[in-house]
Each structure stands twice: as C-alpha cells, then as structure tokens.
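Below: the structure, in structure tokens.
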Amino acid sequence: MRMNSISLVSLLLAVPLVVACSSSSSDNGAGSPGGAAATGAANGTGAANGTGATATGGTPGPTGADVPSTDTEWSKGLTVAANGPIPVIVVDQFGYRTKAEKVAVLRDPVTGYDAAVTYTPGAKIAVIDKATGLEVFSGVAVPWAAGATDTASGDKAWWFDFSSVTQPGTYYIADAGGGQRSPEFRIDDGVYRTVLKHATRTLFYQRAGQEKKAATAGADWADTASHLGARQDGQARSWTAKGDAGSERDLRGGWYDAGDFNKYTAWHANYLISLLRTHHDYPSAFGDDYGIPESGNGVSDLLDETRWGVDWLVRMQNADGGVLCVLGLDGASPPSTATKPSFYGPATTHASLKAAAAFAYAATVFGQSGVPALAAMAPDLTKRAESAWAWALAHPAVAFKNNDKAAGTEGLAAGQQEVDDAGRTAAKFEAAVYLYGLTQGAAYKTYAEANYGTYMPSWGPTQWQVAEQETLLQFASLSGVTPAIQTGIKTKFLDALAKNGNFRAAIASQTDPYRAPMKDYTWGSNQSKAALGRFFMLAEAYGVDAAQAVVGRAAAEGYVHYVHGVNPLGLVYLSNMKRAGAEHSVSTFYHTWFGHGSARWSVVGDTTPGPAPGFLVGGPNSSFALDGCCTSAQAPLCYGSSDAALCSMNVTPPLGQPPAKSYLEFNVGWPGNSWAVTENSNGYQLQYLRLLAAFAK
C-alpha cells in the first residue's frame, strides 16, 4: 500500500417504519442541555443559545458549552439516500484539537447503497475559514492505497492532511473545482468538552426512578420518575415467588441497561468499574456543571453519576453477601407510563463476584476522592465487597438463566446475563484483583497470581477483550505483585500491540481509509471501535512504554474521529448532536422511550425533538437479519399481521452492503429487529466515554 507523509505513520515506523432519509439539517436545538431554547422548546422549534441561561422551556445544563451547528450549505447538491445525504468529504464534525493530526477523508463509493455517487478530488483542496470566507491552507489529496478499493467500506479514498492549521476557529474543507465541501468543524483544544458532557448525560436519561425535570432533562424530555408504582422497583418481588408479598424488596434506582429498561447486575458492575477508571485516569475532564440534579454540589458529576449506580448495587445485595442477578422492568414511552410489576432473580455466583469487584474498586476510588461524603462510604463498600466474595466462595456454581423458556423464566428481562464456568472464573479473577488493590489481602493476591495466565485466551486480546487487557494491566500496576508477573503481563501486552496485525501494524500499514482499523463489523461495532481506541491508550494509562504511549495516543484519536463522522456514512454516531456542532448526526435509534410508535421522540424533525442527545448507537452490523419468522413456515404472519408488514420493508442497507456500510437509520421492533444495528447500550456508551475523556481533559 502506498505510504505518505502522515505524521502518525512516521511515528509508528519509528409499525410506523422510521427510516431517516433526509438531511440532518432538520435537527434542532430545543431543550439543549447546553443552552435554553428561547421559544418553542415544547415542540422542538427553538434553537439552543449556548449561554447556559434558562429561558422559556429551556434548561441550564453545561454553562456556555454548546456551539450549535448553523451549517446550511454542506449538503446542498448531495444525493440523499437511506442514511441521509451521501457525503464525499468527511471530517470530525465537532472538530480537532489545535496540535492534533487533522486528516479529512475524501471518498468515491464503489460498492454499496451509495455506489451511484462518483467523485474524484480536484487538483486543489482547501481549508476555508467560515468567519472570513478566506482560504487558510490548500494542498493535494493523496490517494489511499494507491487508488485501491477498500473491502470493508467499498470505497476508494484520498487523505487531505491539514494538520498545520492550528488557529482556533470554525472551518470547512472545500473542493472548489467540483463545488463539494465538508460540514463545518471547529479547531480548539476544548472542542470535545461539550460532546463529553452530552455523552455523559445519557446516563442521567437512563436513570430508573429519577424524575427528569425540565430544568435538568430539558423540556423536550421531561418526565416524572419511572417504575415507582405499586409492585414496581420499590416493591419488586422475586420471580420465583411472585405471589409472596414477603419477597418484596426496594430495588429502585440504577440505569436502564440499553434500549430496554431492564437492569443486570453483572453488566451494571462493569459500568461502574468503567466510570471509576475514567475518573481515576481523567478527573480533570469532568466538571460539576452537566445539568444533572447533583450539579453544583462541588463534586464531579461523573462521580455523582457513579454514586447513583453504586447505590442501586447496594440495594441488590442480600444480608448474607450474595447479590441478586437481574431486575426485570416494564417498558413504555415515556418511561413513567410503565405500570407492570418488576421482578428480580436470585443471588448468583457470577453476579456476586462482579459486584464484589465493583464494590472494591468503588471503595478504593471513593476513599481516595477527597470528597467526604464518598470517602465515608468506603468502609461499608469494603465490607460489602468482602462479603460478596465470601458468599461466592461458599456458593461457587449458583446460576440462574433469565428469559429462558426451558428454565421457566421466559419474560424476565431480555438479554441473558448468566455465564458458564469460564465466565465465573474470569469474574473471580477480576474480583480478586480489585479486592487485593483495596485491602492488600494475601488470599486475593494468591488467587490472582495463580490464575492471571488463564484470564485471557492465548490469542487475545481481540477487539472484544480490551476490558480484560486493562484488568490485567491494573493487576500488574498494584504494589506487592510478584515482579516477574508484572513484567510478564506488560510484555505480553506490548507483544500483542506489536505482533497482532489488527493493532499497531494495521495503523502503520494504513489498512483503513477511515483511519480506525477494525477486523469485524458486527453487533455493537461502535463499541469495538471505541474499545480499540482505548486499547491504544493503555500504554499511556499504565505507564507501560513511553514511546508506545505517544504512538498509541495518536492512533486512538482516529477512533474518536470515526465516531464523530470520519466513516463511510459521514454520520456522527451520536444522537441529536446538532446542538453540539454536528450537522449530520443520528436522528433515530432503537430505544423503548424513543420508540417507533412515538410521534414525538422517535425521530428528529422540524417540529419534533426526537431522541435525547448524546447516545452512541450500535453501528454497522454485517450480521444483521430480519427475524427468522419472516422467512420461516410462520411467514407471512409472524404471529401478527401488523408485525408481519415489517418483513416487507426495505433493509438494503444494512443488508447487502460492505461491512462498514451495514447500517440503516431505522427504529423498529420485532420482526424488523433494528436493535441489532441502532440500539444504544450503556456498555457502548462507557467505552466511548473512556476514550473521549483522554482528549477532553
């Protein structure tokens, strides 16, 4: 493949069917957490003013942070298809840090739903200052891979490096010869801070049992507290004793897990650890002005959000130390209208071990936070971690499959949270790592040292095992760990970074025209993109190798740009972000609250607010398929005529596409199964937050 002078390379060598087909210029700033809408907030016609002052229908939010996009020119003349305007020049629509690499990707779609569009860059590509209309830099676009067509995207591409432009301001890339241009973007060292705020605020929108007042959620997404009615979270009963009032537990709080409203202990524990790690690594990235109920209390809003999650996990623990595994909630739009009862599953080994890890790390971070109220929680959290560990040791193989017909649990939550023996062993290692870090207890160290070698498969890490790699490095960073084990863990990580062709070699060889290489585009591909970016940051985070830390940071930022629009769709994979500067962002995605049956919240429109801002969607999924009932003997009914109509909708894309184009802006339920492509997840969100925080501090 052709190499060029991009600086990173030199470093390395050293049934309403909702289908969004219109330009996202229909986005609006109503109810923005970055500024009040002066008028019309209730119907979505207002514009965010970015001042943080509260006007009619507005919301205070992050003071003075938002810089809404006012770009009405970028999409003129572009062909409009299934995912909106088909761009030929893609950039990070939020922008770039002043001294960071800045590379626009110019594209000619060869295969895929956009193949009818053709483009060849002109002889001169320019950077235009929006304020003056003047050209500030120009150059030639360099062909990627000597003009080859990329298999993953189906595109030919060119790179235009404008890294030398460092003056803060608003710009766009223009090919004057053909009249094409990019969306506008900013250059500024604080360009991602408002994006980080919106992305973090999605956890507030996901809170169960929390009133969403107009002053915090924005008038467009205000709602009373959900799941606090009779027999709901505050009076949840055991799934195995539904008629027994004696089984009632107060399990209010926590976060909806994804587009569904259920809460899963093991996954929730993972989210807490991610939040705690993010605070530990990048405390200066997060302020106290995110417009959540706790804002202004003198504590980082990231820590406030983490405490909300910890409080729920505490409620899920039994007096004997065991931790309940799942809580199934009713779904409705808006969430406050859900009325069916909530049911929980019993304590299990896996849930207890994952909770032990989260309690232990929360005790560590809270204890070191310098926040008296959080530090005061550390002793209790320590006891909870140790009692959960002790319960799991005494009950090493207690399992419970939810939503499983054979087990008699069909209807309890959705995703399957139970794991096999290998999953329990992995959870035990994680718990031992965090308990040892907290207590320096010999038993925890002994177990972790005896089992660290089997924690990750010999062929790992892959794009799905970044969190596991980080846990290993966390263990290696603890004092008292045998030096040979510390060295072995770090050496294996560096070997994987150097020798796995999907990591450093993929960056050095420029295998991806969109500068964020990844092997597989499957369910949750955006999570994998964010995780890979995080993987490249691990050398810096754990002080493994100074040279690799520099290289890794440069590589990681490419994955940030991918999520922000440097991808084959030119789509910012975050919802409703025009208010934060992105002209073409996700306008609809699968979520119970923002479901396809909602005329108000399903899709961003001229008079409808659409979904709340900042949610990261799943992303391109080359394994997407309509439900099997559409082609099985049950077709064409799929058990209901209204549902069966979805079997006939056009889902090309995501079907029949190159992997990186296997995406459709749509929002339907069964049997259309849009959740496999567009659903959000707290897991996706937190991988992205972990990555973005490194560049927003």
Side-chain angles (χ1 to χ4, degrees), residues 1-13 87-97 99-109 121 125 139 141-165 173 182-183 185 187 191-192 463 497 501-521 525-526 528-537 550-573 619-620 658-661 688 691-692 694-695:
M1 295 183 180
R2 178 171 177 173
M3 308 296 283
N4 63 31
S5 60
I6 301 299
S7 58
L8 172 56
V9 175
S10 63
L11 276 170
L12 284 165
L13 297 179
V88 294
I89 305 176
V90 296
V91 295
D92 186 316
Q93 291 176 40
F94 300 113
Y96 302 84
R97 296 179 302 122
K99 296 182 181 179
E101 283 188 299
K102 308 174 189 71
V103 180
V105 177
L106 290 67
R107 56 186 299 273
D108 175 23
I125 309 299
V142 178
W144 172 81
T149 299
D150 174 46
T151 302
S153 65
D155 296 344
K156 290 184 178 181
W158 295 258
W159 288 357
F160 174 61
D161 189 337
F162 58 103
S163 301
S164 61
V165 181
I173 308 299
S182 74
F185 57 87
I187 293 177
V191 71
Y192 302 134
Q463 67 192 60
L497 189 63
N502 297 313
F503 298 146
R504 196 173 72 188
I507 297 291
S509 300
Q510 303 178 3
T511 60
D512 181 13
Y514 295 96
R515 303 173 61 78
M518 184 171 74
K519 182 176 181 290
D520 298 308
Y521 288 81
S525 66
N526 281 339
S528 292
K529 286 281 188 179
L532 284 169
R534 179 61 191 166
F535 181 79
F536 282 109
M537 292 294 299
V550 174
V551 172
R553 171 169 279 269
E557 202 156 4
Y559 292 86
V560 173
H561 299 324
Y562 172 90
V563 173
H564 293 176
V566 184
N567 57 61
L569 279 61
L571 179 68
V572 174
Y573 282 120
K661 289 180 186 169
Y688 169 69
L691 175 62
L692 186 64
F695 302 98

Inset, instruction - Evaluate the side-chain proximity of Val563 to Phe94: yes if any heavy-atom separation is below 4.5 Å, no if none is. - result: no
Inset, instruction - Tell me, please, which residues at least two apart from Asn502 pass side-chain hydrogen bond (donor to acceptor under 3.5 Å, both in side chains). - result: Asn500
Inset, instruction - List for me each residue that meets side-chain contact (heavy atoms from CB on, under 4.5 Å) alongside Pro659, sequence neighbours excluded, and say none if there are none. - result: Tyr521, Ser622
Inset, instruction - Could I get the full list of ring-ring contact (aromatic ring centres under 6.0 Å, His included) partners for Tyr688, not counting sequence neighbours? - result: His564
Legend entry - Those residues that, when tested against His561, pass ring-ring contact (aromatic ring centres under 6.0 Å, His included) (two or more places apart): Tyr96
Inset, instruction - Please round to the nearest 0.5 Å and tell me the distance separating atom NZ of Lys99 and atom OG of Ser164. - result: 14.0 Å
Inset, instruction - Measure the shortest side-chain to side-chain distance between Lys102 and Ile187 over non-hydrogen atoms and say whether it is less than 4.5 angstrom. - result: yes
Legend entry - Residues which pass side-chain contact (heavy atoms from CB on, under 4.5 Å) with Ala157, listed by chain and number, not counting sequence neighbours: Val105, Trp144, Pro513
Inset, instruction - Could I get the full list of salt bridge (charged side-chain N to carboxylate O under 4.0 Å, His left out) partners for Asp150, not counting sequence neighbours? - result: none
Legend entry - Closest non-hydrogen atom pair, Tyr192 against Val560: CZ-CG1, 4.3 Å
Inset, instruction - Considering non-hydrogen atoms only, spot the tightest contact between Ala104 and Ile89 and give its length. - result: CB-CG2, 4.5 Å
Inset, instruction - Using the test salt bridge (charged side-chain N to carboxylate O under 4.0 Å, His left out), find all partners of Lys661 that sit at least two apart in sequence or belong to another chain. - result: Asp114, Asp155
Legend entry - Selection residues 553-572 - residue pairs positive for salt bridge (Lys or Arg N to Asp or Glu O under 4.0 Å), sequence neighbours left out: Arg97-Glu557, Glu540-Arg553
Inset, instruction - Provide the closest heavy-atom pair for Gly95 versus Phe185 in the form atom of the first, atom of the second, distance. - result: CA-CB, 3.9 Å
Legend entry - CG-OH distance between Asp512 and Tyr559, expressed to the nearest 0.5 angstrom: 7.5 Å
Legend entry - CZ-CH2 distance between Arg107 and Trp158, expressed to the nearest 0.5 angstrom: 10.5 Å
Inset, instruction - Indicate yes or no: at least one non-hydrogen side-chain atom of Gln510 is less than 4.5 angstrom from one of Trp159. - result: yes
Legend entry - With sequence neighbours excluded, residues passing side-chain hydrogen bond (donor to acceptor under 3.5 Å, both in side chains) with Ser528: Gln463
Inset, instruction - Report yes if some heavy atom in the side chain of Asn567 is under 4.5 Å from a heavy atom in the side chain of Val90; otherwise report no. - result: no
Inset, instruction - Check Ser153 against Pro568 and note the closest heavy-atom contact, atom names and distance. - result: CB-CG, 3.7 Å
Legend entry - Residue pair Met518, Tyr562: steps toward the side chain to side chain contact (heavy atoms under 4.5 Å, CB included) verdict: CA-CA 11 Å; Met518 184 171 74; Tyr562 172 90; 6.0 Å; no
Legend entry - Check against side chain to side chain contact (heavy atoms under 4.5 Å, CB included), Arg515 and Val103: CA-CA 9 Å; Arg515 303 173 61 78; Val103 180; 3.8 Å; yes
Inset, instruction - Please examine the side chains of Pro620 and Asn526, heavy atoms only from C-beta on, and report whether any two atoms are closer than 4.5 Å. - result: yes
Legend entry - All side-chain contact (heavy atoms from CB on, under 4.5 Å) counterparts of Ala556, not counting sequence neighbours: Phe536, Met537, Leu691, Phe695
Legend entry - Contact summary for Pro183 and Val91, nearest pair of heavy atoms: O-CG2, 3.8 Å
Legend entry - Residue pair Gly619 / Ser525: nearest heavy atoms and the distance that separates them: C-OG, 3.4 Å
